[in-house]
Colleague: 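Structure in structure tokens, see below.
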There are 2 protein chains.
Amino acid sequence: MENTLSIGQLAAAAGIEVTAVRFYERKGLLTAPPRRASGYRSYDQAAVQRLHFIRQAKQLGFSLAETAELLELRVRPGRTCSKVKGQAVQKIADIEQKVKQLKRFERALRVLIAQCAQGKTDGECPILDALEH
Amino acid sequence: MENTLSIGQLAAAAGIEVTAVRFYERKGLLTAPPRRASGYRSYDQAAVQRLHFIRQAKQLGFSLAETAELLELRVRPGRTCSKVKGQAVQKIADIEQKVKQLKRFERALRVLIAQCAQGKTDGECPILDALEH
DNA sequence: CTAGACCCTGTACCTAGGTCGAGAGTCAAG
DNA sequence: CTTGACTCTCGACCTAGGTACAGGGTCTAG
């Protein structure tokens, strides 16, 4: 048992389609894996983790390009620590902004529910009304 | 001064393209506005607010269809309070999930920065390493 | 009353993110 | 040693979310 995965096993483990895995490879989100003698792709467990990350990032509104940047965030020849840090700080700011907006939405939804319970059924667009505090 | 907006003024106020406004109308995210005698669309200030909401929702990873649902969340003939509430509760759960994921990402980025500062430059994919606490 | 900027309705096109099919090779069970 | 499931590449196709004409009317400053 070598614990390596075929593309089909990987796709199943990550809950996506085989074709999507190859698509991500072409787009540079997954590095091309080693091949067996037959030419079949051979993945390790880390690939599952990467795919989960990609799926989550997508749901959070990050584009594939942004997701790729997140996955590439590391120190390497030509990418100094301070540059990486700068990028990470920027990403953190983006994320904090998203969290803030989501919490506003959530608060608005709670206001909406409360109004609903009080029989206030007349708002033109309650979620927008609720958003203005 | 009637304080009504042409489609161009609306688009400028919301920071999007005129064609996008018409596109949202076709998709049902904006209700068709009244027309002037000439056939020109005539918007009120509330439209600006709706467009801002649409833009934000998009950035947070909501599809146009989900955004439309959020904007339609209200009590009306055939949509009882309890149904609306049920949907709102569901949306809140979605949002909390997103916030949780975003905070995990943020934490991972902070770990990455800390490692960076310590001269640890050898991680294969630091953000994934950092995500596993 | 005319030039330039704006608006109208189509229809066609574009990018991102995938999905599908054809044609051919590979692997595992019986 | 064959049959069915899996994999390969490559190119065409698809959906979502817009953008860009084309061909025509409208508005306003000079």
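To find a chain, count down the sequence lines: A is the first, B the second, and so on, and within it residues start at 1.
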Colleague: Atom CD of A/Glu17 to atom P of C/dG17: distance rounded to whole Å?
Modeller: 17 Å
Colleague: Do any N or O atoms from the side chain of B/Gln56 and from the backbone of B/Phe53 form a donor-acceptor pair under 3.5 angstrom?
Modeller: no
Colleague: Give the residues of residues 20-41 of chain B touching DNA chain C, defined as any heavy atom closer than 4.0 Å, sorted by residue number.
Modeller: B/Arg22, B/Arg35, B/Gly39, B/Tyr40, B/Arg41
Colleague: Is a side-chain N or O of A/Arg50 found less than 3.5 angstrom from the main chain of A/Leu30, in a donor-acceptor match?
Modeller: no
Colleague: Locate the shortest heavy-atom distance separating A/Leu5 from A/Val48; write the atom from each residue and the value.
Modeller: CD1-CG2, 3.7 Å
Colleague: Does the side chain of B/Leu60 come within less than 4.5 Å of B/Ile95's, by heavy atoms?
Modeller: no
Colleague: Check whether B/Arg36 reaches the backbone of B/Ser42 with its side chain - one donor and one acceptor, N or O, closer than 3.5 Å.
Modeller: no
Colleague: Return the minimal non-hydrogen interatomic distance between B/Ala108 and B/Ile127, and the atom names on each side.
Modeller: CB-O, 4.0 Å
Colleague: If every non-hydrogen atom of A/Leu29 is compared with every non-hydrogen atom of A/Ala68, which pair is closest and at what distance?
Modeller: CG-CB, 4.2 Å
Colleague: How long is the line joining CG of B/Leu10 and C1' of C/dC6, in whole Å?
Modeller: 15 Å
Colleague: Give me the first and last nucleotide of DNA chain D, going 5' to 3', that has any atom under 4.0 Å from a heavy atom of chain A.
Modeller: D/dC6 to D/dT9
Colleague: Would the number of heavy atoms belonging to other residues, nucleotides or ligands and lying under 6.0 Å from CD of B/Glu96 be above 12?
Modeller: yes
Colleague: Closest-nucleotide mapping onto DNA chain D: is A/Val18 or B/Leu64 further toward the 5' terminus? I mean the 5' end.
Modeller: A/Val18
Colleague: Nearest-nucleotide wise, let me know which of B/Lys58 and A/Ser6 is further upstream toward the 5' end of DNA chain D.
Modeller: A/Ser6
